[in-house]
S.K.: 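Following this message is one structure expressed as structure tokens.
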Number of protein chains: 2
Amino acid sequence: MTLRNAVMATLLEGEASGYDLAKGFNASVANFWTATPQQLYRELDRMEREGLVTARVVRQDRRPDKRLFSLTDAGHDALRAHLAAPITRPTAIRDGLLVKVQCADIADPTPVQADITAHMDWSRDKLARYERLRERLLAGRTEDEFLAGADRVGPYLTLLRGIAFEEENLRWGELALRVLAARSS
Amino acid sequence: MTLRNAVMATLLEGEASGYDLAKGFNASVANFWTATPQQLYRELDRMEREGLVTARVVRQDRRPDKRLFSLTDAGHDALRAHLAAPITRPTAIRDGLLVKVQCADIADPTPVQADITAHMDWSRDKLARYERLRERLLAGRTEDEFLAGADRVGPYLTLLRGIAFEEENLRWGELALRVLAARSS
DNA sequence: CACACCTATTCAACTTGTTGAGTAAGGAGC
DNA sequence: GCTCCTTACTCAACAAGTTGAATAGGTGTG
């Protein structure tokens, strides 16, 4: 029931196809709400049936048709109702890497180190994309100018959280690699 | 299939009942893998059937009996096999608060501010518990002494990640509150 | 010019995760 | 002595999330 809200939050940026949402979920919302393509297509269908979004089919030349979804007034209302609702539950994280690190001591750490390295690569990629998005949002303004004057600050605030998260992943990854290397030598 | 691994990682610390796991999941693993009580009871039953854990019933005086689970050799092997398996998929986060902040601009920010404040309170609580756990693990040693010499560093490394995460939540929460307050005035 | 990958979506089957209620006994506070 | 909280679980029903495959034309690489 909350994937809906994440989808509607994304559609505030403008219309999007299921496919658009699927790959990157607009790159910014994906940072705090993940979903598979099937989940999104299914949810968009339901939301259309309930009148929260409308679809318009766009015929394309050298590509399959696509259905671009946008928020209806009812969708806007539903989002506002969600915002007004009292409390959101605590963050749910599921991080398989940390599960591995938690028990890294019971076996050869080499594969865990490889895993940490792979995750750090992903973090670097994400950071690069986030920084590009940030430049685009700022559009030449300083952060203070932007925060004081922009129409919408929500996407920027969540972006900052995402950047901090990935930066912390990198810092922690370096520490973890250092510690595991020192012990296995 | 990975709740299993999180449960086994926790049982490395020693035997535990479903109830123990349910409240706090050992307080440290809970930080990167959440699960409801029902999920844990169900999974523990399955794992017992598959021989990954064994249960022993402990009769108690003024409390209901409990079943304490511990890892079997097969469980240890399964954990080691998991550690050796190549790559763990990227972290899945689902943070309803960030969804709200993402669209905070379309309505009165007051309830969102309340939500941020509530989350910051939770973060402070978690941080306090993490810091106590940290003191207990260090047992008087400095961090460097501990990391060089301790039997197991995994739980400490994941704890550090949890601490950094909650500290970042607080820093970000303060910023978000400041920005939203400045705009609504 | 074969092979793999990208866009764009759908269908079906499955596994996980969530919600709510129920049981049963002890202890704490008013 | 009434109510609520805590320990310790179980059952059932449902919602959400995952996996795998199918379709179908287009683009890019060796």
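Keep in mind the model is a prediction, meaning the values are calculated, not measured. Lettering of chains follows the sequences in order, A, B, ..., and the numbering in each one begins at 1.
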S.K.: To the nearest Å, how far apart are Trp33(A) CH2 and dT18(D) P?
M.R.: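 Roughly 11 Å, once rounded to whole Å.
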
S.K.: Which residue, Leu97(B), Asp115(B), Leu177(B), forms the side-chain contact (heavy atoms from CB on, under 4.5 Å) with Met120(B)?
M.R.: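 Testing Met120(B) for a side-chain contact (heavy atoms from CB on, under 4.5 Å) against Leu97(B), Asp115(B), Leu177(B) leaves exactly one candidate, Leu177(B).
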
S.K.: Using a 4.0 Å cut-off on protein heavy atoms (strictly under), produce a 5'-to-3' string for nucleotides 8-15 of chain D with B for base contact, S for backbone-only sugar-phosphate contact, and - for none.
M.R.: BBBB----

S.K.: Pick base, sugar-phosphate or nothing for Arg89(A), based on heavy-atom distances below 4.0 Å to the nucleic acid.
M.R.: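 Sugar-phosphate, no base atom in range.
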
S.K.: For dT16(C), does OP1 or OP2 lie under 4.0 Å from any side-chain N or O of Gln39(B)?
M.R.: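 So the side chain of Gln39(B) is outside the cut-off, no N or O lying under 4.0 Å from OP1 or OP2 of dT16(C).
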
S.K.: Could you give the angle between the helix axes at the two ends of the helix from dC1(C)-dG30(D) to dC30(C)-dG1(D), with five pairs per end, rounded to 10 degrees?
M.R.: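 Inter-axis angle at the ends, rounded: 50°.
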
S.K.: If I take atom CZ in residue Arg4(B) and atom C1' in nucleotide dT16(C), what distance separates them, rounded to the nearest angstrom?
M.R.: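 One finds 12 Å between C1' of dT16(C) and CZ of Arg4(B), rounded.
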
S.K.: Can Arg67(A) and Asp45(A) be counted as an ion pair, charged N to O under 4.0 angstrom?
M.R.: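 Here Arg67(A) pairs with Asp45(A) in a salt bridge, since their nearest N and O are under 4.0 Å apart.
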
S.K.: For Arg134(B), which residues count as a salt bridge (charged side-chain N to carboxylate O under 4.0 Å, His left out) partner, sequence neighbours excluded?
M.R.: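 Counting only residues at least two positions away or on another chain, Arg134(B) forms a salt bridge (charged side-chain N to carboxylate O under 4.0 Å, His left out) with Glu131(B), Glu143(B).
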
S.K.: Exactly one of Thr91(A), Thr2(A), Thr158(A), Asn31(A) should register a side-chain hydrogen bond (donor to acceptor under 3.5 Å, both in side chains) with Asp95(B). Which one does?
M.R.: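 Only one option passes, and that is Thr91(A).
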
S.K.: Should the pair Glu13(A)-Arg152(A) be classified as a salt bridge under the 4.0 Å nitrogen-to-oxygen rule?
M.R.: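 So Glu13(A) pairs with Arg152(A) through a salt bridge.
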
S.K.: Within the 4.0 Å heavy-atom criterion, would you say Arg59(B) contacts the bases, only the backbone, or no part of the nucleic acid?
M.R.: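 Result for Arg59(B) = nothing.
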
S.K.: Write down the distance between CE (Met47(B)) and P (dT16(C)), rounded to a whole number of angstrom.
M.R.: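 Atom CE in Met47(B) sits about 12 Å away from atom P in dT16(C).
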
S.K.: May I ask you to decide if the ring planes of Phe165(B) and Phe165(A) are parallel, tilted or perpendicular, using 30° and 60° as cut-offs?
M.R.: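 Phe165(B) vs Phe165(A) ring planes: perpendicular.
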
S.K.: Under 4.0 Å between a Lys/Arg side-chain N and an Asp/Glu carboxylate O for Arg171(B) and Glu166(B)?
M.R.: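 Looking at Glu166(B) together with Arg171(B), the answer is no, because their closest N to O distance does not fall below 4.0 Å.
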
S.K.: Check this for me: does any side-chain nitrogen of one of Asp108(B) and Arg80(A) sit under 4.0 Å from a carboxylate oxygen of the other?
M.R.: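 Judged by the 4.0 Å cut-off on N to carboxylate O distance, Asp108(B) and Arg80(A) do not form a salt bridge.
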
